[in-house]
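Start at 1 and go down the list; that is how both ligands and their atoms are numbered. Residues: numbered from 1 along the sequence shown.
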Amino acid sequence: MARTCLTIILAAGEGSRMKSSTPKVLHEIAGLSLLGHVIKTAQSAGGNAQAVIVGREAERVEAEARSHSANVTICLQKERLGTAHAVLAGRSVIEQGFDDILVLMGDSPLIQPESLLRLRRALEHGSQVAVLGFRTSEPHGYGRLLEKDGELIAIREHKDATPDELQVSFCNGGIMGLSGHKALDLLDKIGNQNSKGEYYLTDIVEVARENGQKVVAIEADESELHGVNDRYELSRLENHWQRRRRDLLMREGVTMHAPDSVYLSHDTEIGIDAIIEPNVVFGPGVKIASAAQIRAFSHLEGATIDTGCVIGPYARLRPGTDVKTGAKIGNFCETKNTLVEAGAKINHLSYIGDARVGAKANIGAGTITCNYDGINKHFTDIGAGVFVGTDTSLVAPVKIGDGAYIGSGSVITHDVPANALAVARGRQVIKEDRANFIRQRNQMIKDQKNKK
Ligand code: UD1
Ligand code: MG
């Protein structure tokens, strides 16, 4: 769309029901703040500038907003005098002159780009005000959308509605599109003659009509318009977001054996024919290529997994893990900041951090990279085709040349040349019959104790 678009995000509410030291819009769903969700959705709908209306902790909110958009203005609403008053806190930004204005709620993160685009299309086709509505069996508390002959004539707040108006099930979702060049004129005409004595944004409908302008209501799904007021609602929206994203991934060709038990991050990417087993948790920054398998109870964050890899069950992949084609990371293995090259295997009970594991290397059970000296992190470089015997400690910095063998139980403190065998443990000693001696001695000690 060639039209310019400003998004005004209302976020000045106290959010007191969250009972939190964190502003409401900074609480997260799928690892992304509510504000972040709203900004990203607005951007997907072509919103190229944002004004965030704040009341408390402006600096924290600003920092979050800036991390998602280069074009944000933070506007302080000093007193909470209503939603129209809140929008007018963004007057200086509105005055810059945008074609479209979208008014969004900072605490309603499930809104979809397509619904916003429908509002914008209505503006493009000549409406000055477009309101997103939804139909619900529980309209209590919402503003009602009053229509006549297919036109939206007013929004009546619950508290101000007549008994007849309260029967209306078409409700205001709180999200609106406004024609950017007319908006200030209309907003300035809104008064506060109502039961709450507030400047209601919803009155813009009647004001616009009185000024001969066109107003439409556009219906969206109720689920997109739910907001967060307390932690319970936060969890419900999280749930909803998760289900929606899992459904999308499955429709795009990802297999999930028990989808309800898979937790995704806002940015999780999974390719076709990947298989996600039950109880897998994705933290931020995970990319799974096609036909990879993430087995049950694995926890991944900041990890890139190539095609054909098998991860888990019970694997923990931490940030900076990069697993190349066909490699395997098995049960009770932890990796961090590690490149695992094609076909390598780290199958059991290992910690591999700050390392490279060369192609087709085999890391035995219980291998630990000792990467931390208490102050600094050091690198372990394991060449292609290396075989590390079980229960080995690799004390970094250390380099194991291609094709080397490491004997089980070794503590490797020096570099190992390519194709060498390194064994770094005490030699085995055999003392014939000594076990019998020990047994007899121990029995004697026990017998003496019992006599006493
Ligand atoms: C509002 C709508 C109502 C709609 C409902 C949908 C109005 C007058 N009413 O009612 O028709 O059905 O949303 O959820 O708009 N805010 C500010 N500053 C203020 C007042 C509000 O920033 O001075 C922010 C709040 O933080 C919140 C949003 O605006 O994010 C909506 O305000 P809220 O008080 O929740 O309005 P509702 O009574 O829910
Ligand atoms: Mg509300």
Side-chain angles (χ1 to χ4, degrees), residues 7-18 20 23-27 33-35 37-39 50-58 61 65 74-91 102-111 115 129 131-136 138-146 152 154-161 165-166 168-178 186-187 190-207 215 217-230 233-234 237:
T7 313
I8 300 178
I9 301 169
L10 304 193
E14 272 298 314
S16 45
R17 277 179 283 167
M18 294 299 282
S20 176
K24 178 159 77 176
V25 294
L26 300 193
H27 283 263
S33 67
L34 303 180
L35 182 61
H37 281 278
V38 174
I39 291 177
Q50 278 83 37
V52 182
I53 314 297
V54 299
R56 66 179 269 208
E57 296 194 66
V61 178
I74 302 295
C75 307
L76 185 66
Q77 187 195 17
K78 291 198 187 88
E79 290 172 285
R80 291 193 69 204
L81 301 180
T83 43
H85 182 259
V87 173
L88 278 169
R91 180 185 296 275
L102 292 171
V103 180
L104 305 187
M105 304 292 153
D107 61 0
S108 300
L110 298 184
I111 185 68
S115 298
V129 176
V131 176
L132 213 53
F134 62 99
R135 292 187 196 275
T136 177
E138 294 169 31
H140 188 91
Y142 290 108
R144 306 301 205 283
L145 300 186
L146 308 181
L152 182 63
I155 305 176
R156 192 76 70 235
E157 287 308 291
H158 187 96
K159 279 194 169 172
D160 302 303
E165 288 167 345
L166 288 177
V168 173
S169 62
F170 195 22
C171 293
N172 176 23
I175 291 174
M176 272 188 203
L178 306 176
L186 300 179
L187 289 164
I190 293 174
N192 63 352
Q193 305 302 310
N194 51 54
S195 62
K196 281 183 162 176
E198 283 189 0
Y199 297 87
Y200 288 164
L201 177 62
T202 45
D203 284 350
I204 202 166
V205 171
E206 282 166 286
V207 171
V215 180
I218 285 172
E219 190 178 337
D221 194 77
E222 181 180 356
S223 63
E224 288 184 40
L225 295 161
H226 282 152
V228 174
N229 289 305
D230 55 28
E233 286 171 359
L234 184 68
L237 263 59

[X] N/O under 3.5 Å from ligand 1 N/O:
X      : value
Leu201 : no
Glu157 : yes
Gly82  : yes
Gln77  : yes
Gly13  : yes
Glu79  : no

Legend entry - Test side chain to side chain donor-acceptor pair (under 3.5 Å) applied to His226 - qualifying residues, sequence neighbours left out: none
Legend entry - From the candidates His158, His85, Arg80, the one that places a heavy atom nearest atom 21 (C) of ligand 1: Arg80
Legend entry - Closest to atom 7 (C) of ligand 1 (judged by heavy-atom distance), picking from Ile53, Val131, Thr83: Thr83
Inset, instruction - Quick one: closest heavy-atom pair of Cys75 and Ala89, and the distance? - result: CB-O, 3.4 Å
Inset, instruction - Examine the proximity of ligand 1 to Leu225 and report which part, side chain or backbone, both or neither, has a heavy atom under 4.0 Å away. - result: neither
Distance-only criterion, 3.5 Å: show the donor-acceptor pairs between side-chain atoms of residues 196-207 and protein atoms not counting sequence neighbours.
unit_1 : atom_1 : unit_2 : atom_2 : d
Tyr200 : OH     : Asp160 : OD2    : 3.2

Legend entry - Proximal atoms of ligand 1 relative to Tyr200 (non-hydrogen, under 4.0 Å): 8 (C)
Legend entry - Greater than 12 external heavy atoms within 6.0 Å of Arg17's CZ: no
